[in-house]
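Chain A is the first sequence line, chain B the second, and so forth, proteins listed ahead of strands; every chain is numbered from 1. These figures come from a predicted structure and were not determined experimentally. Just the heavy atoms: all of them, side chains too, but no hydrogens, waters or symmetry mates, feed the values below.
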Amino acid sequence: MINIDIGATAVAILTLFGIYSLMAISLNLEYGVAGVPNFGQALFVSIGAYTAGVTYTRILPLLAGVESVHPCGPTMGQALQLRSEVMAAQPVAGFINLALTFLIAAVLAGAVGFAVSYVTLRLKEEWFLALVLLVGGETVRIVVRGADDLICSHNGISGVAQPFYFLGDPRSSSLMFMILCVTLALIAYVYSQRLTHSPFGRMLKGLRENEDVTRGLGKGISLARAQIMLIGSAIAAVGGVLFALNTGFVNTNDYVVTLTLDIWVMVVLGGIGNNRGALLGAALIAILDRFTQVGAIALNMSGSPIEFNYVRFIAFGLILLLMLRYRPGGLLPESPLTTNAHDVARSMLQPRDERS
Amino acid sequence: MPPALLTTSLVNTIQIGSLYALMALGITLTFSVMKLPNFAHAEYVTVGAFAALIVSLSGNVNPLVIMLAAFIVGALVALVSHIAVFKPLEGREVSFYTLILSSFAVGLILRYILFMVADYFNLFDTRIRISLQILLREGYLILTNIFFWVVPSSILLVIALTLLLNRTPLGREMRALANNPGLARVIGIPVERVKNYSWLLVGGLAGVAGALWGLQTAVSPLMGWVAIISVFAAAILGGLSSFAGTILGAYVVAFSENTVMLFLNFNFGLDLAYKPAIPFIIIIAVLLIRPQGFTELIKRAGDLKR
């Protein structure tokens, strides 16, 4: 039998919850609220991760005032050791580097998201956008994997330590990292709630429901779509940075279509169009993920010939199919948005005798 | 580029292009008749390959028997996925993205069931067992009997499918359904039955494609998934509606992946690691610049929506 450390498991699940929440909130803003079918979420998440791979190898040594070593090829081990030393000894450099990583990743992903929305204008059918994003994400992955220098092609960058590594004790450093992830997720949640309930958010929902009517009301829909893609992509990239820090390495193999599907599962499970649903979906998937990992190890140790990891993917497929068929609104369906104007209008429409 | 290398790459283009055509026609057919971009198509191919592999392991089996087994299993899996998943969604007028997601989910489930099967029976990286004969060996170029199984079989199947669509009552009904489902129902076409037959046909052809694919490379649970983007690129080149366009598209994709890639590698030093990006670039370019694909070039020949 294996002993399960409840404290460490809780911290791991909450960390995943924070990271997944950022990804799910991003997709929910794009697809749930604005109706942009982003089947390339892995691309925007990966921009965050690749940025971390680059900053940890190029900018971090500069900030720490040590001579940088080329991260790939024969000096790979030396560069890895240098990163670990800097992260252990110079927390300030680590934090500045992390802030820069977030900034660069968000700006880069936001710019790509903004640019993508212009692609949509040229497409003949709306669902082509889903295909272009799906395929675009994979193309970027192949190009990054093919490039020898960026993140060392298929070797990836390891030793991308999380910022509290300097604490030494893994329990307290992962606790602090968990708090960082959850805090960022909550900030994103509060922001997206405000956005959804603002006039801009209502316009996006109008755009989702009927493009022509929204256009007819005099709203500039292409700019609105570009803006929401910018915001959503930036949030996804922040999630991607944390994702890379959590696993400790950056490798193109992590950012495949399956990751995009995972994020869709979260949003579909929680409730399309509802930010609270995105949080719920992220929480459930984080728990499921952790338990399949534990189950896989337990099953492996008991000598079973079947890999338990396969069960995870089958379960994800079944969740998607069952939700789409029996509860397409998700566990927490979107509730209609009402404003003060709506309430006033309704009270005026009520029959006279009821009001008196 | 030396001529021997060129010949080899052209042989590959023909072989792989024929297989792409067989798979892409299924995608085009599902999209036209069922209005569904089916990503689970990849797994019908893999399922067929595994069926063929398991049958072939029982001893010295005729390749035709192997292909038949793959056809039956592929057809049944496709029909089951229609009845269990896609048909219930059809009635509810769900959004297109729900359909895409569902097809991804079906593919995911099938793929990992196959992983379990391969794991359990220890079938990883096994080839379908048929007797291998080398017919021609000249420098780089090696022609085996596999080439003469793969290419004529796929071409014959493509021709058979085209004839079925153009010359038989079932084909006429399928085309009617592709053109105008409402009208097809009104004039008394048994829509559900035609759809069931279409699914059997699509799954069966994908299964045979898997069996033929498994003759040339090792069978793996990921093989269909790896090929699916190239196959979608071919179908998109055919405008997702034209049969002739899809076949042409399949050879264009295979040509770019083999001959053009090798040419770029040889003359400009482009790393072969970028090969998987080719179908992606084709898809993006076609969708952005010419979403109708080849359809207008070959309006007459074998267009589903004539």
Side-chain angles (χ1 to χ4, degrees), chain A residues 31 35-39 119 122-143 145-148 153-154 208 256-258 260-261 264-265 267-268 272 304-326 328, chain B residues 37 39-40 81 84-85 88-89 92 94-122 221 225 228-229 232-233 236 239-240 270-292:
Chain A
Y31 178 69
V36 182
N38 191 349
F39 274 81
V119 172
R122 314 197 75 234
L123 289 171
K124 198 174 90 180
E125 283 182 48
E126 210 193 1
W127 77 275
F128 284 175
L129 176 62
L131 208 54
V132 166
L133 281 166
L134 180 88
V135 159
E138 281 289 286
T139 315
V140 169
R141 190 175 77 84
I142 289 164
V143 170
R145 195 181 55 190
D148 286 334
S153 63
H154 54 266
R208 176 190 71 187
V256 290
V257 179
T258 331
T260 305
L261 274 188
W264 274 90
V265 174
V267 173
V268 169
I272 299 167
S304 157
I306 289 186
E307 287 261 354
F308 195 75
N309 276 336
Y310 303 149
V311 178
R312 173 195 192 262
F313 293 103
I314 295 173
F316 273 41
L318 286 175
I319 291 175
L320 259 185
L321 289 181
L322 292 174
M323 290 307 290
L324 290 173
R325 177 149 169 203
Y326 294 107
Chain B
F39 285 87
S81 63
V85 178
L89 289 176
R92 290 214 330 247
V94 293
S95 81
F96 221 72
Y97 310 117
T98 303
L99 290 175
I100 296 179
L101 269 182
S102 306
S103 81
F104 268 125
V106 170
L108 199 66
I109 293 170
L110 288 174
R111 189 153 75 241
Y112 283 94
I113 288 177
L114 286 172
F115 260 112
M116 282 184 160
V117 170
D119 212 1
Y120 193 77
F121 293 103
N122 208 2
W225 181 243
I228 190 73
I229 296 295
F232 253 95
I236 285 168
L240 283 164
L270 186 70
D271 200 298
L272 287 174
Y274 291 112
K275 180 176 156 182
I278 288 178
F280 297 118
I281 293 164
I282 293 179
I283 291 184
I284 295 178
V286 172
L287 289 182
L288 285 179
I289 298 161
R290 207 184 151 79
Q292 70 274 34

Interatomic distance, A:Y310 atom OH to B:L114 atom CG [nearest 0.5 angstrom]:
11.0 Å

Under a 4.5 Å heavy-atom cut-off, does chain A meet the side chain of B:A233, its backbone, both or neither?
neither

Test of understanding: with ring pair (Phe, Tyr, Trp, His ring centres under 6.0 Å), list the residues that count as partners of B:F104, not counting sequence neighbours.
B:F39

Least distance between heavy atoms, A:I142 atom then B:P276 atom:
CD1-CB, 3.4 Å

Chain B contact via A:R145 - which portion, at a heavy-atom distance below 4.5 Å:
side chain

Please classify the contact of A:V257 with chain B as side chain, backbone, both or neither, using a heavy-atom distance under 4.5 Å.
side chain

Heavy-atom proximity to chain A below 4.5 Å, by part of B:I278
neither

Identify the two heavy atoms, one from B:L108 and one from A:G317, that lie closest to each other, and give their separation to 0.1 Å.
CD2-N, 4.0 Å

Heavy-atom proximity to chain A below 4.5 Å, by part of B:F96:
side chain

What closest approach, in Å, do B:A277 and A:T139 show between heavy atoms, and which atom pair accounts for it?
CB-CG2, 4.3 Å

If the condition is side chain to side chain contact (heavy atoms under 4.5 Å, CB included), which residues does B:L101 pass it with, not counting sequence neighbours?
A:F39, A:L261, A:W264, A:V268, A:L320, A:L324

Is there side-chain contact between A:R325 and B:V85, with at least one heavy-atom pair below 4.5 Å?
no

Tell me, for A:L134 versus chain B, whether the close heavy atoms (under 4.5 Å) come from the side chain, the backbone, both or neither.
side chain

What residue, out of B:F232, B:Y112, B:F115, has the most heavy-atom pairs lying under 4.5 Å from chain A?
B:Y112

